[in-house]
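Worksheet: one structure, shown below.
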2 protein chains.
Amino acid sequence: MKNGKRAYHHGNLAESLLNAVDDIASQFGLEAVTLRACAKRVGVAPSSAFRHYADKRALLTAFAARALHQLSNTLANARSQAQANDSDAFVAVCMAYIEFALEKPAFFRAMWREETIYTNDEHYVAAAKQLTAHLKGGFAGTISDQDPSSLSPQELLAWSSVHGLANLFVEGPVANGQSLSQKLQVANDMVLAMRPLFAPQHS
Amino acid sequence: MKNGKRAYHHGNLAESLLNAVDDIASQFGLEAVTLRACAKRVGVAPSSAFRHYADKRALLTAFAARALHQLSNTLANARSQAQANDSDAFVAVCMAYIEFALEKPAFFRAMWREETIYTNDEHYVAAAKQLTAHLKGGFAGTISDQDPSSLSPQELLAWSSVHGLANLFVEGPVANGQSLSQKLQVANDMVLAMRPLFAPQHS
DNA sequence: TACCAAATGTGATCGCTGTTCACATACAAT
DNA sequence: ATTGTATGTGAACAGCGATCACATTTGGTA
């Protein structure tokens, strides 16, 4: 793309803008994500963004959907790897959820911002459904599950607790000055504390 | 204040601005909270706000601290009332946490916004410490606790799960279209699911 | 090949935002 | 009464999201 760079038409602006959001959010935080900054980073005029997204919120919605997919994939990989290793897949999925939030806090924040996202956007809804389906199915299939079409209280407890701890880490006062490995230790202890509530995986 | 309204000096602008944040956030959401809107609501020039708060973030920080105190008080009341009624205080405190988030979503959001708050502000830190201390002490003293100076894995599990469910309700896709009472039922089921993990209250 | 319609990018401009600063006014202590 | 300090004002600034008429490129069709 360096030599073949077109003077006028970018070619793939919609996705490039998403990448710009990604970069800026990772480096400077979500509040630093500005339409103008994204456009500048891509090398395009600010107004160009509106050819591909109705407004800033639509761009952030697309970014959130992308982040949700990443999280879904992360969880799926964690399960596969744990099952291949014969280790506790439930714990692995829980930890993967929390690790994702710690490693990509801006993504994690962006995913769950009702007020800066069009929560009815079809792609966003689809991404949220994909994640929910993962968790409905016995926490990614790591625990026994009678009804994969609904969230059982246990499944919801598992989701809520990892989601809540992730939030407390990222936004809140828990383990604030501590290192990543300390936080992971804290998380592991919490997950093990609830482990007895869940039947072993049915594989 | 109508007749005695002073032409120039407001008298208690700092707190009035906090009330304005409160009103606007409750009515129109946190994103609608604007310095200019707050000033207009109080009947004062926009620049006046800067005599009392260094910047917008400082104002939001003060508001967050206030909201944290409200939550602490809500939890304390729930415990007292449950203990007076001889009902399960642990469950009552858990439910009070979630109810607070459902009834005042803008407050709940404002409390935990690392990026729009000065998390090192002394009042904010004090408020967060107060809440944490509540929960460290055996979840407001509703469950047995060996070491009130640290969060045990169980205590953290309880906090994380109610915090996480509150977030999933307020920001996320869980029980989205459902009524308040349905959500409370879902919450209650989740809390009961983890109840067996906790020793009875020591009173 | 020549042409034209649709898609994509631009620059100027708008209203709103947070913030600053010189200035105006009120209060409190002497 | 005077004076110093606290508090409120109005005009200004740059940066933001957004709009719109216009410029350029692309891709299909004749």
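Every chain is numbered from 1, with letters handed out A, B, ... down the list of sequences. Just so it is clear, the structure is predicted and the values come from calculations on it, not from any experiment.
In the set C:dG9, D:dT7, D:dA18, C:dG9 carries the atom at the smallest distance from any side-chain atom of A:L13. When the nucleotides D:dC20, C:dG9, D:dT7 are ranked by their closest atom to the side chain of A:V44, C:dG9 comes out on top.
Taking only side-chain nitrogens and oxygens, B:H52 never comes nearer than 4.0 Å to OP1 or OP2 of D:dA6.
B:R109 and B:E171 are joined by a salt bridge, as a carboxylate oxygen and a charged side-chain nitrogen come within less than 4.0 angstrom of each other. Electrostatic pairing of B:R66 and B:D22 counts as a salt bridge here, judged by a charged N lying under 4.0 Å from a carboxylate O.
When the P atom of C:dG9 is taken as reference, atom OH of A:Y53 falls 12 Å away, rounded to whole Å. If you take NZ of B:K40 and C1' of C:dG15, they are 13 Å apart, rounded to a whole angstrom. Distance, A:R51 CZ to D:dT19 P: 12 Å, rounded to whole Å. Summarising the geometry, the separation between NZ on A:K56 and P on D:dT19 is reported as 15 Å, rounded to the nearest angstrom. Rounded to an integer number of Å, the gap from A:F50 CZ to C:dT13 P is 18 Å. For the pair A:L17 CG and C:dT8 C1', the computed distance is 12 Å after rounding to whole Å.
Taking a 4.0 Å limit (strictly below) on heavy-atom distances, residues 27-36 of chain B reaches DNA chain C at B:T34, B:L35, B:R36.
Aromatic rings of A:H123 and A:Y118 (six-membered ring for Trp) have centroids beyond the 6.0 Å cut-off, not under it. Taking the six-membered ring where the residue is Trp, the centroids of B:H69 and B:Y124 are separated by 6.0 Å or more. Taking the ring centroids of B:F90 and B:F139, they lie under the 6.0 Å cut-off.
Within a 6.0 Å sphere centred on CD of A:Q81, heavy atoms belonging to other residues, nucleotides or ligands number 12 at most.
At a cut-off of 3.5 angstrom, counting only N and O atoms as typed in the model, there is a donor on one side and an acceptor on the other between the side-chain of A:S47 and the base of C:dG11.
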